[in-house]
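The structure under discussion appears below in the form of C-alpha cells.
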Amino acid sequence: MIDDLLTPDYIFEASWEVCNKVGGIYTVLSTRANTLQAKFRDRIIFIGPDIWQGKENPMFTESDNLCAAWKKRAVENEHLSVRVGRWNIPGEPIVILVDFQPFFSQKNEIYTDMWNRYQVDSLHAYGDYDESCMFAYAAGKVVESFYRYNLTETDKVIFQAHEWMTGMGALYLQTAVPEIATIFTTHATSIGRSIASNNKPLYDYLFAYNGDQMAEELNMQSKHSIEKQTAHYVDCFTTVSEITNNECKELLDKPADVILMNGFEDDFVPKGITFGGKRKRARTAMLHVANCLLGTNLGEDTLIVGTSGRYEFKNKGLDVFLEAMNRSNRDKDLKKNVLAFVSVPGWVGDAREDLRERLKSRDKFTTPLHCPFITHWLHNMTHDQVLDMLKYLGMNNAPEDKVKVMFVPCYLDGKDGIFNKSYYDLVLGEDLSVYASYYEPWGYTPLESVAFRVPTITTDLAGFGLWVNSLKNQHGIEDGVEVLHRSDYNYSEVADGIKDTIASFSDKTPREVQTIRQRAAQVAEQALWKHFIQYYYEAYDLALRKSVERLKRG
C-alpha cells in the first residue's frame, strides 16, 4: 500500500511561524523539516512572512545564489518583494520570506474575489485578520510565480497552508494554478479555542454548538469563515489530533481527511554523561534560586515539579495546577518537600535586584524576601492571574509549608537575569511535570518533558494525552505518563488526581524512579517524526489524487 502512494515532486509550506518563533507550530515545522529534507532534498520550500526587515533574524540566512534567476524575475517583473535563504534548523531547508505589505492596497479587491469565488466573509475583519490574509495571498502569489518559472504541469506539486492565517493562499492557488494540490492544516479551530477561552463549556455541549452562530456571538466571523471555507474547498483537510477533529466536525461541518499527529526530533536532548551533568546543574540552579528567594535550605531530596507554556490560565490548566499544589500542601501522604515551578511568560518587567544580590552572595539566608514567590517583577503585579490565585488560596510559601510555589514569568532564553539558562536546560532538572490542559489540540510540553526523561501528568483533553491512552502498556505514572480524565466540570477531581499522583511519586525508591524515567523516554521515542511522517505521505497522496479529479471536473 505504501508503495502505491503518489509522491510530490515539490512541496511548499506556508506558515506565519516560518523563521518566526511564536508557538507550537514553529516546533512542528522546524523539527519535521529534517525528515522531509532527507526525502525531498531542497524540493521542500517553506514560505514565511518577512517581518524582520532591517533587523537581524537569527533563524534565517539569506543567499544570493538560491533560486537567483527566478527571484530576479519575481522582483523585477512581478513586483514581489522576496528574500531567499535557508532556515537555521536541522536540515537547513530553503525558505522564501515575502513582504506582504504591498498587497494592502489591493485588499478590497482580494476580499471581494474571495467572497465571489469561495464565500469567504471578510466584512467583519479586525486585529490580525488583514495582516494574516495579506501574507497568505502574497504566499500564494510567490508559489504561482515559482511554479510558472521553474515547473511544468507534469510536476506533482503540493501547497500546504497552516492555520486560518494562510488559508487564503490555498484558495488563491486553487483558482490561479489549479494543477497544484492543496492541503490545509488547522492546529486548533478558532471557534473552539475562543469558546474555551471565554469560559464556556466546550466538550459536553460540542454537539449542540453551531460554528457559524458561535462565530457571530464571539465576534469571530471572518477568521471562522476563512478557516471553514478553506477546509471545505482544499483537496485535503487535516488536523493534529482526534480531539481537534471532533471540533472540526462540529464547528467547521467538515471532518479531517487525514490526522497529522505532531511528532518531534529528540536531537535537542543531551545524551549520556552530558545529560547527567546538565540535570545536576539545572537542579542546583533551581534550588539555589528558591533558597535565596525563600530563605530556606531545600536540599537535594526536594521533589521539583513544574508546569510551563503559554499564559492561558484556564486552557493550559494553570488554575488546576495551583489548586493541586494547595491541596498537596495539606496532604498527609506527601513524603517529600515539593518545589513547584510555574514557568509562564507574563507581562514581565525586570529581574528582581534583591534576588540577584542574594544569588551573587555566598551567605546562607534564613529570611524570605518580600513577595517570596516570584522571580521577576511584573508590570501588572496587582492584576495577574497566577498571583491572584496564590493570594486567594492563601499560599505564601511559609517556612512550614511542604509545597513552595515559584512563579517564573519570563521567557527562559538564557539571559533572563536570574537563571540565565534556556528552558530546555532547566526542564530536565525537574522530577515531575504537570500539564493539566483544558484546551490543547496536541501538547508539545508534556512530550518534550518525557523526552527529557521527566515523567508527566497530563489530561485526555490534550491530543498528546489521548494518543498516550491509545498506546499499549500505558497504565499511569509508573509507565512515565499519567493521563487524567478531564471534562468541562471535573476541575476538583483533576486537582485531586494531580495531588494523589505527586504523593504516590514522592514515595518511590530511587530505583523505581529510574525505571519510570526510562519508560517516560520510551513514550517519547514512539512520537519521533520517523513514526509520524507516514501520515503526511498519506495526505500528499490524497491531495494529489483529489486535485486530478478536480482538474477533470474543470
Side-chain angles (χ1 to χ4, degrees), residues 240-243 259 261-266 268-272 275-276 279 283 303-309 317 320-321 324 328 331 333-336 338 340 424 427-437 440-487 490 493-532:
V240 298
S241 65
E242 284 292 352
I243 199 148
I259 291 174
M261 286 192 292
N262 288 336
F264 84 127
E265 287 303 326
D266 59 1
F268 58 90
V269 180
K271 307 284 187 281
F275 182 95
R279 175 167 163 78
R283 290 182 65 77
L303 195 67
I304 300 180
V305 178
T307 192
S308 56
V320 78
F321 175 78
S328 292
D331 188 3
D333 294 328
L334 187 64
K335 300 292 190 290
K336 290 181 176 173
V338 170
Y424 290 144
V427 73
L428 83 177
E430 293 172 2
D431 297 301
L432 197 60
S433 65
V434 182
Y435 299 99
S437 301
E440 188 70 81
W442 178 246
Y444 265 118
T445 39
L447 176 49
E448 288 168 346
S449 175
V450 291
F452 282 108
R453 296 183 229 163
V454 176
T456 194
I457 304 168
T458 187
T459 73
D460 58 3
L461 290 185
F464 171 75
L466 213 53
W467 171 72
V468 168
N469 275 350
S470 74
L471 300 176
K472 294 190 180 84
N473 307 320
Q474 271 305 306
H475 311 293
I477 201 67
E478 274 72 20
D479 294 311
V481 183
E482 180 77 38
V483 182
L484 299 172
H485 172 59
R486 185 151 194 204
S487 69
N490 73 340
E493 289 87 333
V494 175
D496 274 341
I498 295 167
K499 168 186 73 81
D500 294 344
T501 306
I502 290 172
S504 155
F505 192 82
S506 73
D507 203 24
K508 303 284 182 204
T509 65
R511 178 167 287 196
E512 286 171 329
V513 168
Q514 206 49 42
T515 304
I516 290 170
R517 286 169 60 79
Q518 283 164 355
R519 287 178 183 159
Q522 285 162 10
V523 173
E525 200 287 329
Q526 293 175 75
L528 291 175
W529 275 118
K530 66 182 181 186
H531 303 303
F532 284 176

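Owing to the predicted nature of the structure, the values given are computational and were not obtained by experimental measurement. Counting from 1, the numbers follow the sequence of the chain as shown.
- In terms of modelled atom types and a separation under 3.5 Å, the side chain of Thr509 and the main chain of Glu512 share a donor-acceptor contact.
- Here Leu428 contributes atom CG and Glu448 contributes atom CD; the two are 12.0 Å apart, rounded to the nearest 0.5 Å.
- Of the possible donor and acceptor atoms, one in the side chain of Ser328 sits under 3.5 Å from a partner among the backbone N and O of Ala324.
- The distance from the CD1 atom of Ile502 to the CG atom of Asp507 is 14.0 Å, given to the nearest 0.5 Å.
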**Asked** Run the side chain to side chain contact (heavy atoms under 4.5 Å, CB included) check on Glu482 and Phe505 step by step: do they pass?
**Response** CA-CA 11 Å; Glu482 180 77 38; Phe505 192 82; over 6 Å; no
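- Rounding to the nearest 0.5 angstrom, the gap separating the CG atom in Leu334 from the OG atom in Ser506 is 4.5 Å.
- Applying the side chain to side chain contact (heavy atoms under 4.5 Å, CB included) criterion to Glu242, with sequence neighbours excluded, gives Asn245, Ile259, Leu466.
- The shortest distance between side-chain heavy atoms of Phe452 and Arg279 does not fall below 4.5 Å.
- The side-chain heavy atoms of Val269 and Tyr424, taken from C-beta on, include no pair separated by under 4.5 Å.
- Checking side-chain atoms of Asp500 against main-chain N and O of Gly497 turns up no donor-acceptor pair under 3.5 Å.
- Between Ile457 and Leu484, the closest side-chain pair of non-hydrogen atoms falls below 4.5 Å.
- For the residue pair Phe321 and Ala340, the shortest heavy atom distance occurs at CZ-CB, 4.0 Å.
- At distances below 3.5 Å, not a single donor-acceptor pair connects side-chain atoms of Thr458 with backbone N or O atoms of Ala436.
- At distances below 3.5 Å, not a single donor-acceptor pair connects side-chain atoms of Trp442 with backbone N or O atoms of Gly463.
- Between Phe532 and Met261, the shortest heavy-atom distance links the atoms CD1-O, 3.7 Å.
- Side-chain contact check for Thr459 versus Val320: every heavy-atom pair is 4.5 Å or farther apart.
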**Asked** How far apart are the C-alpha atoms of Ser433 and Thr456, what are their side-chain angles, what is the distance that settles it, and do they pass the side-chain hydrogen bond (donor to acceptor under 3.5 Å, both in side chains) test?
**Response** CA-CA 5 Å; Ser433 65; Thr456 194; 2.7 Å; yes
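- A side-chain hydrogen bond (donor to acceptor under 3.5 Å, both in side chains) check over residues 460-471, counting only residues at least two apart or in different chains, returns the pairs Asp460-His485.
- Of all the heavy atoms in Val434 and Thr307, the pair that sits closest is O-OG1, 2.6 Å.
- At a threshold of 4.0 Å, the pair Arg283-Asp431 counts as salt-bridged, since one of the basic side-chain nitrogens sits closer than that to a carboxylate oxygen.
- To the nearest 0.5 Å, atoms CD (Gln522) and CD (Gln474) are separated by 9.5 Å.
- Thr445 and Ser308 share no donor-acceptor pair across their side chains, judged by distance under 3.5 Å alone.
- Lys530 has a carboxylate O that lies under 4.0 Å from a charged side-chain N of Glu525, or vice versa, which qualifies the two as a salt bridge.
- To the nearest 0.5 angstrom, Ile516 atom CD1 is 5.0 Å from Lys508 atom NZ.
- Between Pro455 and Ser449, the closest heavy-atom pair is O-OG, 4.2 Å.
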**Message:** For Asp479 and Asn473: C-alpha separation, side-chain torsions, deciding distance, then whether side chain to side chain contact (heavy atoms under 4.5 Å, CB included) applies.
**Reply:** CA-CA 8 Å; Asp479 294 311; Asn473 307 320; 5.5 Å; no
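- Between Phe464 and Val450, some side-chain heavy-atom pair lies under the 4.5 Å cut-off.
- Looking at Arg486 and Glu493, no side-chain N of the basic residue comes within less than 4.0 Å of a carboxylate O on the acidic one, giving no salt bridge.
- When all heavy atoms of Ala527 and Leu447 are compared, the closest pair comes out as CB-CD1, 3.8 Å.
- Taking OH of Tyr435 as the reference point, atom CD of Glu440 lies at 10.5 Å (rounded to 0.5 Å).
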